[in-house]
Amino acid sequence: MLQIQLIRENKEFVIERLKVKNFDATQIIESIIDIDAKRREAQINADDLLAKLNALAKEIGDLFKSGKQAEANVLKEQVAALKIQAKEYTDKQDQFEKEQQQLIVQLPNLPHISVPKGKSADDNEIIFSEGDASDMADDALPHWELASKYNLIDFELGTKIAGAGFPVYTGKGARLQRALINFFLDEATANGYVEVQPPYVVNEASAYATGQLPDKEGQMYHATIDNLYLIPTAEVPVTNIYRDVILKNDDFPVKNCAYSACFRREAGSYGKDVRGLNRLHQFDKVEIVQINRQEDSYNTLEGMKDYVASVLRKLELPFHILRLCGGDVSFTSALTYDLEVYSKAQRRWLEVSSVSNFEAFQANRLKLRYKDADGKTKLAHTLNGSALALPRIVAALLENNQTPEGIRIPKALIPYTGFEIITL
RNA sequence: GGAGAGAUGGCCGAGUGGUCGAAGGCGCGCGCUUGGAAAGCGCGUAAGCUCCUAAAGGGCUUCAUGGGUUCGAACCCCAUUCUCUCCGCCA
């Protein structure tokens, strides 16, 4: 959520920046500023009347105490009329506040100055590439065929138990999952991230604070009896640790990592995008979250991006890094890097991580603040990224490492799997 | 699931109709003291909105949340949420 002062004081700037996200904010912002003026006017009137009422109440109390009942009763008459007036203004104030809030939440975050213009994923900027992203021979198998050939994943069994998109990992497939989770957590911990194990369900307040509600309600599984939502990512519970918190200036940087299962309804997905492990309703992910001072957040973002790249390097996967264009960067993000690995049998790039700086956009809803060196209270900047999401990593590992002898495990992972190769 | 108790500032905790944005303590900050530290002493220490060009200062709101009673509510009434204790069930 953008801050009202920013909108009020830099109207043209906000409109210009949002054009990069292909969002025409002119109308909404005009309305917001109009309502803002009315809201403040109502508050001035309401505050004035309430101040009078408070003073009268005090006076009446004093009169009663000194036994001047008659005079007190005269004042009581005055109070009645003032109360009605005051109520009028406070109601107006509440109403305008709500209207204003409703409009402000429709505005996306301002994109960072480095975000390229563009309409869709095709306009994203490739800023870095590494590794051999050549295609495999035509007879190379896609991961879903490898998974069944080597008995690693049973998609049909998952369909029987829960439904499509809920795979069952078996034997070395299950072991590979566990190995990756532990490997990712160990890497993150070695890089200073403090591990947390959050709940896999969140209440309404938490889902609202990180922006899943109200707009993405249909994307989450909802346990209606208890009004809890299954988390679509560990970002939600982990970030909510810091809801309504005022950090000290020397608490920074806050670094957390968390493994969780992630649940997404993915309503409306279809075709080759959902084949095999490409898109699931339940998947595993290690998430990294950082909170930092406003002036430090872009250094932090670079560090997180480089960290994720270092993990992909250890897995010996070819990858590239995209700077998302205005049309592809998410509603809440100011700047996002996507990291994609090349899956050589499918012959396509798969997004395995998205690293974003939300600046103060999330913090404003979270009410996550800090006292800076001068003792001033400011909104903190929040950042997060996947490090990493498992399914597409597994897809690329299986496809890229297939050999006539079996599927080779990258060196860094062998201590975790306990085997070097997956054979028939 | 049944019965009971409770929710107050960063934390503990007092407060049952006005003198309460809230005693006292802890913590934190600044200063005095000290060779240095600890102890001790003194002062300060909530957030949001708003008025004011800014600072200084003022006003309003906030004692779980939402309503109500009253001239006046942390305190009385109603509803909701959450927490704890005991019983039951249970990994």
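Given the structure is predicted, the values throughout are model-derived calculations rather than measurements. Letters A, B, ... are given to chains in the order of the sequence lines, protein chains preceding strands, and every chain is numbered from 1. Only heavy atoms go into these numbers, but all of them, side chains included; no hydrogens, no water, no symmetry mates.
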Exercise. Do any side-chain nitrogens or oxygens of Arg369(A) fall under 4.0 Å of OP1 or OP2 in rA46(B)?
Worked result: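 For rA46(B), OP1/OP2 do not have a side-chain N/O of Arg369(A) under 4.0 Å.
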For this session: Would you indicate, yes or no, if rC71(B) has its OP1 or OP2 atom less than 4.0 angstrom from a side-chain nitrogen or oxygen of Lys68(A)?
Result: no
Exercise. Considering every strand shown, what is the Watson-Crick or G-U wobble mate of rC86(B) when both distances are under 3.5 Å?
Worked result: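 Pairing partner: rG2(B).
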Problem set entry | Pair assignment for rG44(B), Watson-Crick or G-U wobble, requiring both distances under 3.5 Å |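 Its partner is rC28(B) (Watson-Crick or G-U wobble, both distances under 3.5 Å).
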Exercise. Which nucleotide, rG48(B), rU50(B), rC71(B), lies nearest any side-chain atom of Arg40(A)?
Worked result: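 That would be rU50(B).
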Is [X] salt-bridged to [Y], cutoff N-O under 4.0 Å?
X         : Y         : value
Lys248(A) : Asp251(A) : no
Glu30(A)  : Lys11(A)  : yes
Lys98(A)  : Asp94(A)  : no

Just the rounded figure in Å: distance from [atom2] of [N] to [atom1] of [X].
X         : N       : atom1 : atom2 : answer
Gln101(A) : rG48(B) : CD    : P     : 16 Å
Lys367(A) : rC49(B) : NZ    : P     : 10 Å
Leu49(A)  : rC71(B) : CG    : C1'   : 16 Å
Asp226(A) : rC82(B) : CG    : C1'   : 14 Å

Problem set entry | Pairing residues for Gln282(A) by the side-chain hydrogen bond (donor to acceptor under 3.5 Å, both in side chains) criterion, not counting sequence neighbours |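 None.
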Exercise. On RNA chain B, nearest-nucleotide positions of Arg39(A) versus Ala57(A): which is more 5'?
Worked result: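 Result: Ala57(A).
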Exercise. Given that Lys83(A) and Gln5(A) both sit by RNA chain B, which one's nearest nucleotide is further toward the 5' end?
Worked result: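 Closer to the 5' end of RNA chain B: Gln5(A).
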N/O to N/O distances under 3.5 Å, protein versus nucleotides 60-66 of chain B:
| from | atom 1 | to | atom 2 | distance (Å) |
| --- | --- | --- | --- | --- |
| rC60(B) | OP1 | Asn54(A) | ND2 | 3.1 |
| rC60(B) | O2' | Asp47(A) | OD1 | 3.0 |

For this session: Select base, sugar-phosphate, or nothing to describe what Ile44(A) touches, counting heavy atoms under 4.0 Å on all strands.
Result: sugar-phosphate
For this session: Tell me, with the steps shown, if Arg40(A) and Arg8(A) meet side chain to side chain contact (heavy atoms under 4.5 Å, CB included).
Result: CA-CA 12 Å; Arg40(A) 283 188 289 163; Arg8(A) 192 194 297 152; 3.6 Å; yes
Exercise. Quantified in whole Å, what is the C1' atom distance between nucleotide rG58(B) and nucleotide rC52(B)?
Worked result: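 Approximately 9 Å lies between the C1' atom of rG58(B) and that of rC52(B).
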Exercise. Who are the side chain to side chain contact (heavy atoms under 4.5 Å, CB included) partners of Ile44(A), not counting sequence neighbours?
Worked result: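 Result, side chain to side chain contact (heavy atoms under 4.5 Å, CB included) vs Ile44(A): none returned.
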For this session: Taking Asn109(A) for its side chain and Phe331(A) for its backbone only, find out whether a donor-acceptor pair lies under 3.5 Å.
Result: no
